[in-house]
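Any value given below was found using the heavy atoms of this structure, including those in side chains, with hydrogens, waters and symmetry copies removed.
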Amino acid sequence: MNSTTAVVLKAILNYMKKCSKDPFWSDPSWTNDPYLSPFKPIIRARFEKALAKTETLKNKKSWANMANYHDFFGLHKDKKGWVFREWAPNATAMFILTPANNWKKSSAWEVKGPDPDGIFEARFPDDFFCHEQLYRLKVIWNGGEGDRIPTAATRAIQDSATYIFNAQVWAPDRPYQWQAAPPNLSTDPLLIYEAHAGMALEEGRVGTWREFADHILPKVIDAGYNTLQMMAVQEHPYYGSFGYHVSSFFAPSSRFGTPDDFKYLVDSAHQAGIRVLMDIVHSHSVKNEVEGLSRFDGSMYQFFHDQGRGDHTLWDSRCFDYGKQQVLHFLLSNLKYFLEQFRVDGFRFDGVTSMLFADHGLGRAFTGYQDYFGDDVDEDALSYLYAANNLVHEIRPDAITIAEDVSGYPGLAAPVELCGTGFNFRFAMGVPDYWIKLLKEVRDEAWHMGGLWYELTRHRDEERTISYVECHDQALVGDQTIMMRLMGGKIYDSMEKSNTSITTQRAVALHKMIRLVTLACAHKGYLNFMGNEFGHPEWIDFPSPANGYSYHYARRLWSLRYDKNLYFPDLFAFDKQMIALAKQAQLFTWDRPRLLHLHEDDKILAFERSGLIFVFNFHPEHSFTDYLIHAPAGKYEMPLDTDESRFGGLGRLNPDQEHFTMPLGDVSENRHALSLYLPNRCALVLAHV
């Protein structure tokens with residue numbers, strides 16, 4: 001037995017001993033779910049495999065000392081000058097191309113190698129490179145050669161005339177001076193504002209990191225959200241990919257500014273007490289070869305699976321091989337780099353379903369637990385996600401990791417102490433799908449209150465979830481925002497406050513009610529996509545040949561939010577008040593809301609959470625007087641009412657009215673109820689005084 005194997009086995013035995021008192025190891029059911037019992041051996045085996053791979057990777061080191069791909073590879077300045085290293089095991093020769101050698105191969109710019117580990121290395125004098133100098137690689141292999149961007153490039157920019165990408169030296173004389181430390185929001189409810197810097201302006205052009213910080217961040221602050229989730233941070237050659245076809249993983253997109261500009265955005269958010277999460281795309285990579293990692297050293301399998309498994313046919317991209325140690329070093333170092341260099345506060349891991357399943361989960365319903373524990377699960381990918389969460393939380397214990405997984409794979413957001421993968425949260429991706437289905441297929445008068453309650457409150461007890469009505473997915477061309485679904489084409493000519501049509505009143509009322517009930521039932525967090533808080537009317541369509549390279553739909557119409565003649569400012573005012581109430585009441589400290597009343601015919605839903613009582617009348621026509629809702633005894637005030645005139649409502653309730661419970665039945669039964677006036681398509685929140 002070699003020393004590495006001994007270390008791994010010892011670690012596994014120690015962890016099993018540590019977990020021996022945990023319910024997972026001693027009870028036939030996992031986290032009180034008897035339906036998982038038959039799969040207990042598979043769950044245990046996968047966890048042990050992940051633990052073993054993690055220990056092999058770390059090799060007695062901390063994560064901070066292990067994940068150093070970006071520090072070893074790429075171009076770096078030291079006391080002796082410049083050193084450049086690259087990993088390209090299939091390559092036979094390598095040269096740096098730059099204006100200094102007229103972009104041609106030169107012996108003075110050769111990178112020697114490969115060594116037995118496939119590593120190329122060269123040293124250069126101080127005057128060979130300077131800040132903002134462009135360069136790229138010429139990689140040669142048996143049977144071919146190609147221009148490439150270094151795998152650990154920290155900046156890549158595109159020539160506006162030729163559209164060619166090159167790496168750029170980023171070594172300013174004066175490094176960015178941070179002004180604020182990351183905020184401590186550990187006790188605050190997680191309220192996420194999802195945003196994209198490029199399309200954040202109202203002008204028809206690409207916005208920048210600094211413009212977002214100076215002009216859009218104040219809007220986020222005003223809206224009350226405490227977490228910014230930035231899309232499209234990593235470099236991507238095609239703007240229309242929304243940032244999900246990454247080419248240079250360590251480079252913040254130059255399309256929006258310099259690395260220091262992105263630091264400025266993060267720093268500005270931290271100064272305002274807002275944490276910053278970023279979309280991290282480790283589920284696949286762009287197919288481009290000159291700009292990306294595909295066929296970097298002439299082989300199709302350096303970073304990716306070979307043959308068909310290495311191609312994601314639907315996304316037209318390449319799929320990582322998570323079984324290779326150097327690939328794991330690359331991806332884990334990518335996380336460490338953004339945590340330390342840019343001080344981001346965590347990550348939303350994109351495309352987790354695609355990572356986990358050999359068929360990427362395409363066209364699958366995932367209707368039973370057997371769907372999660374078959375041979376088609378990529379256990380190497382699962383092990384990587386376990387390692388990634390360990391790394392992030394060792395480097396930044398307060399960092400947040402979120403799994404974007406549509407499959408519902410059990411245990412992704414369970415803590416490692418319960419043999420979970422370790423994500424802090426997972427998205428409740430079924431919630432927006434439910435709302436879309438309801439609005440598309442079911443008449444208002446046929447909405448099923450029991451189904452609504454079930455869909456909004458179901459989650460695994462051991463996993464924290466984040467709910468949302470719509471994210472960027474629902475705003476893309478081919479789909480519609482909720483406001484667009486409610487209004488249709490009338491959103492362009494019927495949003496004046498003088499408009500009293502049933503279509504407009506219905507849309508304004510339901511837009512607020514749908515958001516409030518989703519937030520109030522959310523388990524541990526809530527998300528909103530940029531502009532949807534005020535009912536943004538249009539979808540997102542990036543410039544492409546199909547639309548004549550227009551930016552018309554790749555922007556946000558902020559002016560609508562301030563036009564007092566329209567309903568959009570009223571929708572924003574409601575959203576702002578709703579978010580403030582969630583923060584004030586510490587809404588998510590209660591794991592689950594407690595159902596008080598549900599009536600299918602009346603379309604009434606009422607529940608209690610965090611000392612608040614939420615009452616919804618979804619009936620399209622019927623209002624009710626003296627409607628009894630069970631409630632703890634006492635006096636109640638109304639901090640929120642969707643029907644207030646300042647929120648675009650009809651003002652049918654008195655905002656200053658106080659409500660007192662009345663006893664029901666025998667006094668000894670200690671049952672009480674509120675007698676309420678419930679207008680149709682209205683929701684109200686009552687606070688116990």
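Checked by atom type and distance alone, the side chain of Gln179 pairs as donor or acceptor with a backbone atom of Gln177 at under 3.5 Å. In this structure a side-chain-to-backbone donor-acceptor pair under 3.5 Å is present from Thr353 to Val406. Between the side chain of Asp350 and the backbone N or O of Asp279 there is no donor-acceptor pair closer than 3.5 Å. A donor-acceptor pair is defined here as one N or O able to donate and one able to accept, closer than 3.5 Å; such a pair exists between the side chain of Arg592 and the backbone of Thr457. Distance alone, capped at 3.5 Å, places no donor-acceptor pair between the Asn424 side chain and the Ala403 backbone. The backbone N or O of Arg210 lies less than 3.5 Å from no partner atom in the side chain of Asp261, so there is not a single donor-acceptor pair. Using a distance-only test at 3.5 Å, with no hydrogens or angles considered, no donor-acceptor pair links the side chain of Arg255 to the main chain of Gly198. A donor-acceptor pair under 3.5 Å links the side-chain atoms of Glu211 to the main chain of Thr208, judged by distance alone. For His523 (side chain) and Glu463 (main-chain N/O), a donor-acceptor pair under 3.5 Å exists by modelled atom type. Formation of a donor-acceptor pair under 3.5 Å by the Ser550 side chain with backbone atoms of His552 is found in this model.
Between Val685 and Met638 there is no side-chain heavy-atom pair separated by less than 4.5 Å. Contact annotation: the side chain of Phe256 never approaches that of Leu265 to less than 4.5 Å [non-hydrogen atoms, C-beta and beyond]. By the 4.5 Å heavy-atom criterion applied to side chains, Pro537 and Leu557 are counted as neighbours. Using a 4.5 Å cut-off on side-chain heavy atoms (C-beta onward), Leu676 and Leu686 make contact. Under the 4.5 Å side-chain criterion, counting only non-hydrogen atoms from C-beta, Phe616 is not in contact with Leu678. In this structure, the side chains of Gln229 and Met278 stay at 4.5 Å or more apart for every pair of heavy atoms. Between Leu674 and Tyr636, the closest side-chain pair of non-hydrogen atoms falls below 4.5 Å.
The environment of OH in Tyr163 is sparse: at most 12 heavy-atom neighbours from other residues, nucleotides or ligands sit within 6.0 Å. No more than 12 heavy atoms of other residues, nucleotides or ligands lie within 6.0 Å of OH in Tyr454, so this atom counts as exposed by the packing criterion. Counting non-hydrogen atoms of neighbouring residues, nucleotides and ligands closer than 6.0 angstrom, the CD atom of Gln584 reaches no more than 12 such neighbours. For NZ of Lys583, the number of neighbouring non-hydrogen atoms (other residues, nucleotides, ligands) closer than 6.0 Å is greater than 12.
Here the closest heavy-atom approach between residue Thr518 and residue Ile514 is recorded as OG1-O, 2.7 Å. Heavy atoms only, all atoms of each residue included: Asp643 and Cys682 are closest at CB-SG, 3.7 Å.
Between His196 and Phe242, the two ring planes are perpendicular [angle over 60°; tilted spans 30° to 60°]. Below 30°, between 30° and 60°, or above 60°: for His597 and His599 the angle between ring planes is below 30°, a parallel geometry. Using bins of under 30°, 30° to 60° and over 60° for the plane-to-plane angle, the ring pair Phe347/Phe349 lands in the perpendicular bin. Using a 30° and 60° split on the angle between ring planes, His619 and Phe624 fall in the perpendicular class, above 60°.
Taking the centre of each ring, Tyr468 and Phe427 come in below the 6.0 Å mark. When ring centroids are compared, Tyr193 and Tyr225 come within the 6.0 Å threshold. Ring pair Trp453/Phe607: centre-to-centre distance below 6.0 Å. Between His472 and Tyr244, the ring centre distance stays below 6.0 Å. Remark: aromatic rings of Trp209 and Tyr264 are distant, center separation not under 6.0 Å. Taking the ring centroids of Tyr238 and His245, they lie at or beyond the 6.0 Å cut-off.
In this structure, Arg561 pairs ionically with Asp222, as a charged nitrogen and a carboxylate oxygen lie closer than 4.0 Å. Salt-bridge annotation for Arg506 and Asp444: present, with a side-chain N of the basic residue lying under 4.0 Å from a carboxylate O of the acidic one. Of the charged side-chain nitrogens involved, none lies within less than 4.0 Å of a carboxylate oxygen, so that Glu203 and Arg555 do not count as a salt-bridged pair.
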- Stepwise, does the side chain to side chain donor-acceptor pair (under 3.5 Å) test hold for Gln474 with Asn532? CA-CA 10 Å; Gln474 286 72 41; Asn532 287 349; over 6 Å; no
- Task: Evaluate side chain to side chain donor-acceptor pair (under 3.5 Å) for Glu621 paired with Asn680, printing each intermediate quantity in order.
- Result: CA-CA 6 Å; Glu621 298 174 350; Asn680 68 307; over 6 Å; no
- Worked verdict on Lys635 versus Glu658 for salt bridge (Lys or Arg N to Asp or Glu O under 4.0 Å): CA-CA 7 Å; Lys635 172 185 172 183; Glu658 296 177 337; 3.1 Å; yes
- Decide side chain to side chain donor-acceptor pair (under 3.5 Å) for Glu235 and Ser254; before the verdict, give the C-alpha distance in whole Å, the side-chain angles of both, and the deciding distance to 0.1 Å. CA-CA 7 Å; Glu235 189 61 79; Ser254 59; 3.1 Å; yes
- For the pair His282 and Asn334, evaluate side chain to side chain donor-acceptor pair (under 3.5 Å) and give the outcome as yes or no after the intermediate values. CA-CA 9 Å; His282 286 178; Asn334 195 218; 2.8 Å; yes
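Of the N and O atoms on the side chains of Asp541 and Asn547, at least one donor lies less than 3.5 Å from an acceptor on the other residue.
A cation-pi contact links Lys263 to Phe342, judged by a cut-off of 6.0 Å to the six-membered ring centre and 45° from its axis. In this structure, Lys219 is positioned above the aromatic face of Trp558, its NZ or CZ under 6.0 Å from the six-membered ring centre and within 45° of the axis. With Trp590 as the aromatic partner, Arg609 does not meet the cation-pi criteria of under 6.0 angstrom to the ring centre and within 45 degrees of the ring axis. At least one test fails for Arg205 against the ring of Tyr551: distance under 6.0 Å to the centre or angle within 45° of the axis.
Of the options Asn184, Asp188, Thr227, a side chain to side chain donor-acceptor pair (under 3.5 Å) to Arg275 is made by Thr227 and by none of the others. With Glu470 as reference, Arg515 is the one residue of Arg515, Gln480, His536, Arg485 to meet the side chain to side chain donor-acceptor pair (under 3.5 Å) rule. Just one residue in the list Asp570, Thr504, Asn565 forms a side chain to side chain donor-acceptor pair (under 3.5 Å) with Lys497, and that residue is Asp570.
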